[in-house]
Visitor: 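The structure under discussion is supplied below as structure tokens; questions concerning it will follow.
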Amino acid sequence: MASLKDTSDSLAAYLTAGSLLPNSLISADQPTDLPSFIVEPLKQNLRQSLLDWYGQQGRDLPWRQSRDPYRIWISEVMLQQTQVKTVIPYYERWLEQFPAIAPLASARQEQVLKAWEGLGYYARARNLHRAAQIIVEHHHSTFPDTLAIALTLPGIGRTTAGGILSAAFDQPVPILDGNVKRVLARLMALRVPPNRALKTLWALSETILDWQQPRNFNQALMDLGATVCIPKRPTCPVCPWNRYCEAHRLTMQNDLPLSEQRSPLPHKMIGVAVIWHEDGRILIDRRRQEGLLGGLWEFPGGKVEPGETIEACIQREIQEELGIEVEVGDRLITIDHAYSHFRVTLNVHHCRHLGGEPQPLECDEVRWVSLDEIDQFPFPKANTQIIAALRETSYRP
DNA sequence: TACGCGTGGCC
DNA sequence: TGGCCAAGCGT
């Protein structure tokens, strides 16, 4: 365990002394407060060095051209758990399709999900849609400029609200995203995984926030994490904060932040049916709103039970989900796919519809579609591979 | 508080 | 190539 004595000559030690420092790092006999005439100038140096760096090295990103809270909101939500490079093309397309809050609010959910298709975490799109409707109905179609009201909107938590209010309105609201967690965890050489010290990190983010330039400061903090204080092999020599950084001083930058231990992902075998109508159309179903891939369309199927064959699984699942009889035929494709919390193998088979009218017993909707119109429906990534395989096969019932 | 929730990039 | 990680939120 490190003692405060080890860090007594660094700015981070001053900034994190007292209540900001995790209990594990502080000895009971150490001072917990420092006079403001010492701390304030140090914080000013910290802020100014980052703002100077941002002026030179800050990124030029599409959503930074604008102060339209709607555009910034969209970018913040797309960027949740998603890298900038992935987001940019989605962001551009989205704004062409939904240029303002009102058009988004009045769109059909299916159209919204189609625009989101491939980005993942689809609750973000459903919440964006709902929030737009709430803003039209209750906030005069204007994005709220107060933290408390922004936080009431679905899909907007503390970090997203802080990002929007600081970027759009230059309000002094702190943020704590993945970048900031990493930067601050290194700055103070945090000895626990960041998610075990959220109170400390939020307090530190708020303490160092520059109230004269909150917009630039928050953006700078995220840029620092994204381009310099990166997860692996951070480039400390070019970091404006290297002289203040505890991890750097201790040569621990490659070991921090500590990561949470994860359990291995469970694996599921899935039987999937491509059910052909006599007229050449295919049966798809729409998943229920809640839960995994909610609101998206898919090819029906389900989990293979212990001892069950793929064919028997498909026949059983189709009976349970849609109430119809099928004859399971040739294999179309096998797809391995990793979700955030488990892996699947999709065993996709052609099936012949023997009889019965498909009913939405375990889904929201069912529909026969042709290969030409199937592109209009939003599908999860693993299912788009099935569609691609269908386009390449010559199989017909 | 801990877990459910997607996908692509990176090595 | 499999595991890690990315501008988190809702429950």
Side-chain angles (χ1 to χ4, degrees), chain A residues 58-59 61-64 72-91 113 116-128 130-131 150-167 173-185 193-199 201-202 205 215 218-227 229-234 257-267 287-296 298 335-344 378-385:
Chain A
R59 292 175 295 177
L61 300 171
W63 38 90
R64 287 188 183 159
I72 293 166
W73 171 35
I74 298 302
S75 75
E76 289 289 340
V77 173
M78 284 188 172
L79 286 162
Q80 289 168 9
Q81 304 294 100
T82 311
Q83 294 184 351
V84 166
K85 188 185 297 184
T86 304
V87 163
I88 287 176
Y90 281 91
Y91 176 78
L113 287 173
W116 202 270
E117 184 183 51
L119 256 189
Y121 287 133
Y122 296 92
R124 294 184 293 173
R126 300 196 302 271
N127 287 333
L128 221 36
R130 278 175 52 214
L151 285 171
T152 67
L153 296 170
I156 298 185
R158 207 171 158 186
T159 285
T160 301
I164 298 170
L165 292 186
S166 62
V173 186
I175 57 173
L176 189 63
D177 61 11
N179 287 314
V180 179
K181 283 178 189 169
R182 183 171 57 255
V183 170
L184 298 185
N195 287 336
R196 310 306 289 263
L198 290 181
K199 201 170 172 183
L201 293 171
W202 271 111
S205 179
R215 170 190 295 124
N218 279 347
Q219 297 297 318
L221 204 45
M222 290 190 283
D223 275 17
L224 189 67
T227 65
C229 197
I230 52 180
K232 301 203 169 171
R233 296 177 163 278
L258 298 182
S259 57
E260 319 261 2
Q261 67 276 23
R262 294 185 191 182
S263 46
L265 302 182
H267 182 266
R287 296 176 64 90
R288 289 178 169 155
Q289 288 289 311
E290 62 278 1
L292 184 73
L293 306 168
L296 274 69
E298 67 174 2
I335 298 164
D336 286 308
H337 188 78
Y339 293 101
S340 49
H341 51 303
F342 63 92
R343 300 173 173 281
V344 292
F379 282 88
K381 185 68 173 81
N383 279 245
T384 64
Q385 294 181 57

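Lettering of chains follows the sequences in order, A, B, ..., and the numbering in each one begins at 1. What you see is a predicted model, and the numbers here were worked out from it, not measured in a lab.
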Visitor: Could you check how far NZ of K181(A) sits from C1' of dG8(C), rounded to whole Å?
Guide: 7 Å
Visitor: Do other residues, nucleotides or ligands put more than 12 heavy atoms under 6.0 Å from the CZ atom of R59(A)?
Guide: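 Yes, because the 6.0 Å sphere around CZ of R59(A) holds more than 12 heavy atoms from other groups.
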Visitor: Out of dT7(B), dA7(C), dG2(C), which has the shortest distance to the side chain of H337(A)?
Guide: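 When the side chain of H337(A) is considered, dT7(B) is the closest of dT7(B), dA7(C), dG2(C).
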Visitor: For DNA chain B, whose closest nucleotide is more 5', that of R196(A) or that of F342(A)?
Guide: R196(A)
Visitor: Using a 4.0 Å heavy-atom cut-off, does R126(A) contact any base of the nucleic acid, only the sugar-phosphate backbone, or nothing at all?
Guide: nothing
Visitor: Record whether the side chain of R124(A) comes under 3.5 Å of the base of dA7(C) through a donor-acceptor pair of N or O atoms.
Guide: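 In this structure, the two groups form no donor-acceptor pair.
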Visitor: Counting distance only, does the side-chain N/O of N383(A) pair as donor-acceptor with the main-chain N or O of E298(A) below 3.5 Å?
Guide: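 Between the backbone of E298(A) and the side chain of N383(A) there is no qualifying donor-acceptor contact (under 3.5 Å).
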Visitor: Please check this pair: side chain of Y90(A) against backbone of E117(A), looking for a donor-acceptor N/O pair closer than 3.5 Å.
Guide: yes
Visitor: Checking all strands, does L153(A) fall into the base, sugar-phosphate, or nothing category for heavy-atom contacts under 4.0 angstrom?
Guide: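 Here L153(A) touches the backbone only, sparing every base.
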Visitor: Taking the nucleotide of DNA chain C with the closest heavy atom to each, which residue, P154(A) or L61(A), is nearer the 5' end?
Guide: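 Closest to the 5' end, via its nearest nucleotide, is L61(A).
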Visitor: For dG8(C), does either OP1 or OP2 sit under 4.0 Å from a side-chain N or O belonging to Q81(A)?
Guide: yes
Visitor: Phosphate oxygens OP1/OP2 of dC5(B): is one of them under 4.0 Å from a side-chain N or O of H341(A)?
Guide: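 True: H341(A) side-chain N/O within range (under 4.0 Å) of dC5(B) OP1/OP2.
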Visitor: Whole-Å distance between dC5(B) P and L296(A) CG?
Guide: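 Value for this atom pair: 13 Å.
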Visitor: Which is true for G155(A) with a 4.0 Å heavy-atom rule: it touches a base, it touches only sugar-phosphate, or it touches nothing?
Guide: sugar-phosphate
Visitor: Of the options dG9(B), dG8(C), dT7(B), whose atoms approach the side-chain atoms of Y122(A) most closely?
Guide: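 Taking heavy atoms from C-beta onward, the closest nucleotide is dT7(B).
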Visitor: Looking only at side-chain atoms of S340(A), point me to the closest of dG8(B), dC5(B), dA7(C).
Guide: dC5(B)
Visitor: Checking the side chain of T159(A) only, and the main-chain atoms of I175(A) only, is there a donor and an acceptor separated by less than 3.5 Å?
Guide: no
Visitor: Using atom types as modelled and distance alone, determine if a side-chain donor or acceptor of R343(A) lies under 3.5 Å from a backbone N or O of L265(A).
Guide: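 It does not hold such a pair.
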Visitor: Do any N or O atoms from the side chain of R124(A) and from the backbone of M78(A) form a donor-acceptor pair under 3.5 angstrom?
Guide: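 Checking the backbone N and O of M78(A) against the side chain of R124(A), a donor-acceptor pair under 3.5 Å is found.
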Visitor: Give one of base, sugar-phosphate or nothing for T82(A), where a contact means two heavy atoms less than 4.0 Å apart.
Guide: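 T82(A): base contact, heavy atoms under 4.0 Å.
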Visitor: Which part of the nucleic acid, if any, lies within reach of K232(A) when heavy atoms closer than 4.0 Å are counted: base, sugar-phosphate only, or nothing?
Guide: nothing
Visitor: So what does I156(A) touch, heavy atoms closer than 4.0 Å: a base, only the sugar-phosphate, or nothing?
Guide: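 Sugar-phosphate: the residue I156(A), judged by heavy atoms under 4.0 Å, touches backbone atoms but no base.
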Visitor: Classify P380(A) by what it touches in the nucleic acid, base, sugar-phosphate, or nothing, heavy-atom distance under 4.0 Å.
Guide: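 If one applies the 4.0 Å heavy-atom cut-off, P380(A) turns out to touch the sugar-phosphate alone, with no base involved.
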Visitor: Counting only side-chain heavy atoms from C-beta out, which of dA7(C), dC5(B), dG8(C) sits nearest to T160(A)?
Guide: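 So the nucleotide nearest the side chain must be dG8(C).
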Visitor: So which one's nearest nucleotide on DNA chain C is more toward 5', A161(A) or Q83(A)?
Guide: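 Closest to the 5' end, via its nearest nucleotide, is Q83(A).
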Visitor: Return the value, rounded to whole Å, for the distance between atom OH of Y90(A) and atom P of dA7(C).
Guide: 18 Å
Visitor: Could you state the CD1-C1' distance from I230(A) to dA6(C), rounded to the nearest angstrom?
Guide: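 Rounded to whole Å, this separation is 13 Å.
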Visitor: Does G294(A) reach a base, just sugar-phosphate, or nothing at all? Heavy atoms under 4.0 Å.
Guide: nothing
Visitor: Can you figure out which of dA7(C), dC5(B), dC9(C) approaches the side chain of L292(A) most closely?
Guide: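 Shortest atom-to-atom distance from the side chain points to dC5(B).
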Visitor: Whole angstrom is fine here: how far is it from CZ in R64(A) over to C1' in dA7(C)?
Guide: 10 Å
Visitor: For T159(A), which contact category applies under a 4.0 Å heavy-atom criterion: base, sugar-phosphate, or nothing?
Guide: sugar-phosphate
Visitor: Indicate, with a heavy-atom threshold strictly under 4.0 Å, whether L293(A) touches base, sugar-phosphate, or nothing.
Guide: sugar-phosphate
Visitor: Taking the minimum atom-to-atom distance to the side chain of R343(A), which one of dT7(B), dG2(C), dA6(C) wins?
Guide: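 The answer is dG2(C), which lies nearest to the side chain.
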Visitor: Below 4.0 angstrom from OP1 or OP2 of dC10(B), is there any side-chain N or O of K85(A)?
Guide: yes
Visitor: What is the separation between atom OH on Y121(A) and atom P on dC5(B), rounded to the nearest whole Å?
Guide: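 Computing the Y121(A):OH to dC5(B):P distance gives 10 Å.
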Visitor: Which class fits the ring pair H337(A) and Y339(A): parallel under 30°, tilted 30 to 60°, perpendicular over 60°?
Guide: perpendicular
Visitor: In whole angstrom, give the distance that lies between atom CG of N179(A) and atom P of dA6(C).
Guide: 7 Å
Visitor: Quick check on dC11(B): is either OP1 or OP2 less than 4.0 Å from any side-chain nitrogen or oxygen of R233(A)?
Guide: no
Visitor: Using a heavy-atom cut-off of 4.0 Å across all strands, would you classify W116(A) as base, sugar-phosphate, or nothing?
Guide: nothing
Visitor: Can you tell me the distance, in whole Å, between the CG atom of L79(A) and the P atom of dG8(C)?
Guide: 8 Å
